[in-house]
Amino acid sequence: MNELLTPHEFTNHDAALAKAEQGVANLASVRNNRWYPRFHIASDGGWINDPNGLCYYGGRWHVFYQLHPYGTQWGPMHWGHVSSEDMLHWQREPIAFAPSLEEERNGVFSGSAIVDEHGDVRFFYTGHRWANGTDNTGGEWQVQMLATPEDPSDTQLQRLTKRGVVVDCPREQVHWHFRDPKVWNTDGTWYMTFGVSSADQRGQMWLYTSTDLEHWSFDRVLFEHPDPNVFMLECPDFFPVTAPDGSQKWVIGFSAMGAKADGFMNRNTNNAGYMIGTWNPGESFQPETEFRLWDWGHNFYAPQSFTAPDGRQIMYGWMSPFVQPIPMENDGWCGQLTLAREITLGEDGDLHTTPMRELEGLRGSTKDFGNSTLGVNEELLIADTATATELEIEFDLTQSTAERISLHVHETQDGSFTNVAFDAQMGRIVLDRVANARGDKGYRAAPLDAAELLSSHLRLRVFVDRGSVEVYVNDGHQVLSSYSLPSSGPRAIRLIAESGTATINRLVRHELKSIGLE
């Protein structure tokens, strides 16, 4: 049984928070908004990565995130914070955590939140320090920590109190990595899992149990990745889903560090995905599917989910700018979160992730293009310029002959654009940045199954923000999220039937409102 260990402060937390706020303000004062999102969450200034501490508490939705307040590249991690009453209008809250304890001297790393049976919220996160006190050449020392609101009646959660270490690291059994706790309750017992690189560098998720959320005991290895190349399961998630027939499955999610690229799979630096299977208390997780990607785009990592009061499983991911060049680093900010997504288990036996239904409230003016057919190599101009737009498109593949049905977004007068396409030869939805003028290029391709390829209803929802694109395929069966950094001037949207015809059952464009964080 791990006891709640008293924290050791090396600097005043309030002073560290004030310094961090000034750091963000300094970067925000010089921020360039050319690609800064209108309807995605981003920091006012500085670098962000993983979503953290997601919860609904006191009538407000809360999103925390990893933050480096002093630069636009990864650095000592803090927790930024925004909140909303309706998932549409967001406000910035004070920075929640800065490194102030010896156990987190080099970073307040990722974690989750849980609202207990009494309605009280608790935050679990990883305290990070370099084992040699200087840098990563001597390895890392990571522990799981607890924090609670200073004032439980403050629904904006503006001040959190660090309570100390709840799970210390058995360092002889761990090769450095030991982080990112996720907590849930099953049948009256609290469970915590997190990612571990074992002593022999195998990627695992460990399971601990508790009756009071403060004292935790090791239970077992919940899951070990079968690929010996995978040395760490980062940002793990674990939750039940209900199938359409009423049966329950469990979903295990993680980012498989060390997995090798294989065809269309695992093309990013690290790749976040899931397996569906079964789990019962007192057992390890038993997968029933292969590893599947949450998102096939260039820039998706470190997703975290939580259960809303109405039972929906809601997930955010981080749009990760891993690969240089990263031009937004020069703009005073770097990184944003995805849209909030609802996770469901479909009749096809796979997970679907769709934009949270509340987001339809962002829609402003709408233009319905109706149904039509594009002739061979014919084009349709959807918008002269668009910076915050949602498109709903349905194609009839049985009546289309085009080799590619291409949707150009962020098309600028210098000839650059990002292409979202149905590629008939691949049988995939392709997000292609070969014509981008800035940033990383390359393409990603999400699969369509046999039934989808034979269907008369290929549905896409495409969200175009100032510097990013999210594509939801067939009610979120697949998703692609990528940065797209257009040149200056108008940003057109155009549909093209390449080397054949394209039959359009439906085409609607919605202009989207700002969420209020600009």
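All figures in this text were calculated on a predicted structure; none of them were measured in a lab. Residues take their numbers from the sequence shown, with the count starting at 1.
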* Flag yes if more than 12 heavy atoms outside D212 fall under 6.0 Å of its CG atom; otherwise flag no. => yes

* To do: Under the salt bridge (charged side-chain N to carboxylate O under 4.0 Å, His left out) rule, what do R461 and E390 come out as? Steps first, then yes or no, please.
  => CA-CA 7 Å; R461 285 181 73 185; E390 176 192 355; 2.8 Å; yes

* Determine whether the side chains of E342 and Q313 contain a donor N or O and an acceptor N or O closer than 3.5 Å. => no

* Say whether H81 and H62, considering side chains only, have a donor N or O and an acceptor N or O under 3.5 Å apart. => yes

* To do: Keeping the roles fixed (side chain from D237, backbone from S305), state whether a donor-acceptor pair exists under 3.5 Å.
  => yes

* H352 versus T344, side-chain donor and acceptor atoms under 3.5 Å -> no

* **Among E103, E9, E104, side chain to side chain donor-acceptor pair (under 3.5 Å) partner for K162** => E104

* To do: Give the intermediate values and the outcome of salt bridge (charged side-chain N to carboxylate O under 4.0 Å, His left out) for residues D295 and R444.
  => CA-CA 10 Å; D295 189 298; R444 297 291 183 268; over 6 Å; no

* Start with the C-alpha distance between Q304 and S112, add both sets of side-chain angles, then the distance that settles side-chain hydrogen bond (donor to acceptor under 3.5 Å, both in side chains), and finish with yes or no. => CA-CA 8 Å; Q304 182 179 123; S112 59; 5.3 Å; no

* Asked: Within the distance-only criterion (no hydrogens, no angle test), does the side chain of H78 pair as donor or acceptor with the backbone N or O of P76 below 3.5 angstrom?
  -> yes

* Asked: Step by step, would you call R159 with D151 a salt bridge (charged side-chain N to carboxylate O under 4.0 Å, His left out)?
  -> CA-CA 7 Å; R159 290 182 63 87; D151 178 5; over 6 Å; no

* To do: State which residue, out of N49, I48, V108, fulfils the side chain to side chain contact (heavy atoms under 4.5 Å, CB included) condition with Q66.
  => N49

* Asked: If you round to the nearest 0.5 Å, how far is CD of Q142 from CZ of R171?
  -> 10.5 Å

* Asked: Salt bridge between E214 and R163, side-chain N to carboxylate O under 4.0 Å?
  -> yes

* Carboxylate-amine/guanidinium proximity below 4.0 Å for R60 and D154 -> no

* To do: Please lay out, stage by stage, how N52 and W79 fare under the test side-chain hydrogen bond (donor to acceptor under 3.5 Å, both in side chains).
  => CA-CA 8 Å; N52 293 158; W79 274 32; 3.2 Å; yes

* **Aromatic ring proximity Y301/F322, centre distance under 6.0 Å** => yes

* Asked: For N136 and E140, what are the C-alpha separation, side-chain angles and deciding distance, and is it a side-chain hydrogen bond (donor to acceptor under 3.5 Å, both in side chains)?
  -> CA-CA 6 Å; N136 65 355; E140 303 170 33; 5.9 Å; no

* Between H510 and E360, do the side chains contain an N or O donor and an N or O acceptor separated by less than 3.5 Å? -> no

* Charged N-O contact under 4.0 Å between R38 and D465 -> no

* Could you tell me whether the side chains of S487 and R438 share a donor-acceptor contact shorter than 3.5 Å? => yes

* Asked: Does a donor on one side chain and an acceptor on the other come within less than 3.5 Å for Y483 and R433?
  -> no

* Does the cation-pi check pass for R129 over W141, that is, NZ or CZ under 6.0 Å from the six-membered ring centre and within 45° of its axis? -> yes

* Asked: Any chance the side chains of T137 and N132 put a donor and an acceptor closer than 3.5 Å?
  -> yes

* Are E518 and R31 close enough for a salt bridge, meaning some N to O gap below 4.0 Å? -> no

* To do: Tell me, with the steps shown, if S514 and F39 meet side chain to side chain contact (heavy atoms under 4.5 Å, CB included).
  => CA-CA 5 Å; S514 170; F39 58 89; over 6 Å; no

* Asked: Charged N to carboxylate O under 4.0 angstrom, D227 versus R202?
  -> no

* Per the ring-ring contact (aromatic ring centres under 6.0 Å, His included) rule, which among F238, F239, F223, F285 passes with W279? -> F238

* **Donor-acceptor contact below 3.5 Å, side chain T338 vs main chain G317** => yes

* Is a side-chain donor-acceptor pair under 3.5 Å present for Q91 with S84? -> no

* Asked: Do the numbers put R466 on top of the ring of Y36, so that NZ or CZ is under 6.0 Å from the six-membered ring centre and no more than 45° off the axis?
  -> no

* Calculate, to the nearest 0.5 Å, the distance between atoms OG1 and CZ belonging to T148 and F123 respectively. => 9.5 Å

* Asked: Looking only at side chains, do S83 and Q156 share a donor and an acceptor under 3.5 Å apart?
  -> no

* Got more than 12 heavy atoms from elsewhere within 6.0 Å of NZ, K19? -> no

* **Distance-only donor-acceptor check, side chains H175 and S197, under 3.5 Å** => no

* Flag for S110-D50: side-chain donor and acceptor within less than 3.5 Å -> yes

